[in-house]
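Note that the structure is a prediction, hence the values are computed from the model and not measured. Heavy-atom basis, side chains included; hydrogens, waters and symmetry copies ignored.
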Amino acid sequence: MSTDQHDIQNDAKSSNINPSHDEHMAADRPAPASSNPQATSSSNHDSGFASHLPWRKHSSGDSSDSSKQPKPSTEEALTNLDGQISFWRGIPFGLQHVMAMFVANLAPIFLVTAAAHLTPAQSAMIIQNGLLVAGLGTCLQLYPLWRVGSRLPMVTGISFTYVAAATAIVGKQGYGALVGAVIVGGLLELILGLTAQFWKKYVPPIVSAIVVTSIGFSLLSTGASSFGGGAGAKDFGSWQNLTLGLISLVACLAFQLLMKGTVKQLSILFGLVVGYIVAIFFGKVDFSGFQHLQVVSIPHFMPFAPTFDIGSIISFALLYVVSSVEVLGDTAALSQVGLNRLPTDRETSGAIAGDGLISTISGLFGCLPLTSFAQNIGLVAVTKVVNRKVILSGGLILILASFVPAVAQLFNSMPQAVLGGCTIMMFGNIILSGFQMIAEAGFSQRNTTIAALSLTIGIGFTQVGGIFAQFPQLFQSIFATNCIAVSFVVAVILNAVLPSEEHFLVNTHAGSEDKNTSE
């Protein structure tokens, strides 16, 4: 250290206005924390969910000294994975995530329970359990247990990927066979997650980008269907539904344009509230479900005895493999739009393992498998809210809803048109994220060929269901309506068989060589 530096330090020490007070405070003051909340938490992020509970105090030294530390703004905290923000202040942002996925989380249950011809009481019980496992899965992804969980702002819910196979299974083998396939398949995905470092190398960036892009395209019809009133609605496409969707969409855009600061990030929630109020005046909100509700109802563990049918297990095992790759795309998209970086190997493997474990637990509660919801990735793309504590409040709301039927019914009464108006823009953002990832992978001739063929076949073929008519039923149940699965398989095959970039440019090189020879 130079003489000048010693002089500066001595001058600083001698300039204290109240030396005795400052020396006393310095003796009690804890060591300074890192200015980066993410770096501070990275040393203990695997210590389990309980140690990260937002209301649990972690004191070190004099508690009065913590108030001396400069606090980041609310906007900075919301856009920081481990930003310091009041748990209660973050609830509206967590509620926004719940409302964005709530109906989509329940829709697969409606379809499968109807195909299984379950009683209304049984269907209500499975819906209640579905809310519980969705909340538990969200908490697990946010605050991992060991290597299970991503530590990313993911929201989990019942996946549409398994609906076609599930309806076929319950129609032939019964609901117990479905439960058995969900439990066994979840354990398979757990293993896939823990061993992701060995097989992830076969899924290069261009393949992940194609999966993300196909996820966005697959949701466009969902958004448009909701905008029109919901698939199968008797008044689908009516002026009332279209007006509700448009009002909700305009409310979201107006709120985002007119508001300032962090309030802008509640635009989706504002649109949902405005749309819901207008829907009440339109007579589109069904309040009959609130009659004869119990104040508290405890979810039922193992409501159906599992049976283990080999064919059902194989069918679901293949879907779990596809779902694992979807999670790769989801984590890549989420990290890209929310954190402006690619996910780490630990995050991707933890995300897959987390989906596998919570899916097995979901099977024990009689529900379908869960996965990270692309709707919420779109919401992150719009709001940039990635704070884990904030998203945790949404997971806890889902758990609360599973014990309070009235809360679940309030969300369940949300008209589909309102939801469609608020979410349709989010799905477009996922597509744009996929395009950005393709650009980052590089527009080489080889990558362009892989992307063009994969998206064309994946999206185009699944829009023409009859093209798979000659294939086995098992193949149809996996690929006929799942553009994500088809795009992924085509991309993996092309990536494995196509030659290197030099072979695509062989004619150019040959032409230049001929030109040089002639000269």
Side-chain angles (χ1 to χ4, degrees), residues 147-148 150 152 159 161 185-218 314-336 341-356 359 369 371-372 374 433-459 461-462 474-475 478-479 482-504:
R147 293 172 55 196
V148 181
S150 65
L152 290 174
S159 175
T161 303
L187 295 176
L188 170 64
E189 188 174 20
L190 174 62
I191 296 173
L192 287 173
L194 297 177
T195 59
Q197 68 269 25
F198 299 110
W199 57 266
K200 185 188 172 186
K201 60 184 177 181
Y202 299 106
V203 186
I206 186 62
V207 175
S208 297
I210 290 168
V211 171
V212 172
T213 306
S214 60
I215 288 172
F217 276 113
S218 70
I314 293 175
S315 177
F316 260 55
L318 294 174
L319 289 173
Y320 271 107
V321 173
V322 174
S323 180
S324 298
V325 178
E326 286 186 38
V327 176
L328 284 179
D330 286 341
T331 53
L334 182 61
S335 299
Q336 185 71 37
R341 63 171 174 81
L342 294 176
T344 65
D345 291 340
R346 167 65 182 81
E347 288 169 342
T348 53
S349 64
I352 298 171
D355 278 4
S359 293
T371 191
S372 55
S433 299
F435 289 163
Q436 184 177 2
M437 292 174 64
I438 292 175
E440 291 179 354
F443 284 112
S444 64
Q445 189 62 43
R446 187 177 190 273
N447 284 350
T448 301
T449 302
I450 294 174
L453 280 175
S454 300
L455 294 175
T456 300
I457 295 174
I459 298 172
F461 281 27
T462 53
L474 177 61
F475 183 94
I478 299 173
F479 297 104
N482 192 337
C483 74
I484 303 170
V486 177
S487 297
F488 162 68
V489 171
V490 174
V492 169
I493 293 175
L494 290 176
N495 181 69
V497 302
L498 287 180
S500 62
E501 178 68 12
E502 288 76 12
H503 290 79
F504 282 90

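Put simply, CG on Leu188 and CG on Leu319 are 11.0 Å apart, with the number rounded to the nearest 0.5 Å. With values rounded to the nearest 0.5 angstrom, Arg147 atom CZ is found 10.0 Å from Leu190 atom CG. Note that CD1 of Ile210 is 13.0 Å distant from CD1 of Ile484, once rounded to the nearest 0.5 Å.
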Check residues 487-498 and write down every donor-acceptor pair under 3.5 Å in which the side-chain atom is one partner and the other belongs to a residue at least two apart or another chain.
residue	atom	partner	partner atom	Å
Ser487	OG	Ser454	O	3.3
Ser487	OG	Cys483	O	2.8
Asn495	OD1	Arg446	NH1	3.3

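When the ring-ring contact (aromatic ring centres under 6.0 Å, His included) test is applied to Phe475, the partners found at least two apart in sequence or on another chain are Phe468, Phe471, Phe479. Partners of Ala333 by side-chain contact (heavy atoms from CB on, under 4.5 Å), not counting sequence neighbours, listed by chain and number: Val212, Ile377. Partners of Thr448 under the side-chain contact (heavy atoms from CB on, under 4.5 Å) rule, at least two apart in sequence or in another chain, are Phe443. In terms of the side-chain hydrogen bond (donor to acceptor under 3.5 Å, both in side chains) criterion, residue partners of Glu440 (sequence neighbours excluded) are, by chain and number, Gln336. For Ser324, there are no side-chain hydrogen bond (donor to acceptor under 3.5 Å, both in side chains) partners two or more places apart in sequence or in a different chain. With sequence neighbours left out, the ring-ring contact (aromatic ring centres under 6.0 Å, His included) criterion links Phe217 to no other residue. For Ser218, there are no side-chain hydrogen bond (donor to acceptor under 3.5 Å, both in side chains) partners at least two apart in sequence or on another chain. Residues satisfying the side-chain hydrogen bond (donor to acceptor under 3.5 Å, both in side chains) test with Ser359, not counting sequence neighbours, are none.
In this structure, Ile206 and Ala451 approach most closely via the heavy-atom pair CD1-CB, 4.4 Å. Taking all atoms of both residues into account, the shortest heavy-atom contact from Glu501 to Ser444 is OE1-CB, 3.4 Å. Heavy atoms only, all atoms of each residue included: Leu194 and Gln197 are closest at O-OE1, 3.3 Å. The two residues Ala209 and Met437 make their nearest non-hydrogen contact at CB-CB, 3.6 Å. Considering every non-hydrogen atom in both Val203 and Val207, the closest pair reads CG1-CG1, 3.7 Å. Shortest non-hydrogen contact noted between Phe504 and Pro499 is CE1-O, 3.6 Å.
For the side chain to side chain contact (heavy atoms under 4.5 Å, CB included) with Thr348, the lone residue among Ser150, Ser335, Pro343 that qualifies is Pro343. Results of the side chain to side chain contact (heavy atoms under 4.5 Å, CB included) test with Asp355 over Asp330, Val327, Leu192, Val148 single out Val327 as the only residue that passes.
Listed by first and then second residue, the salt bridge (charged side-chain N to carboxylate O under 4.0 Å, His left out) pairs that reach into residues 191-200 are Lys200-Asp345, sequence neighbours excluded.
Between Asn447 and Ile438 there is no side-chain heavy-atom pair separated by less than 4.5 Å.
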(request) Evaluate side chain to side chain contact (heavy atoms under 4.5 Å, CB included) for Glu347 paired with Leu152, printing each intermediate quantity in order. (result) CA-CA 7 Å; Glu347 288 169 342; Leu152 290 174; 3.6 Å; yes

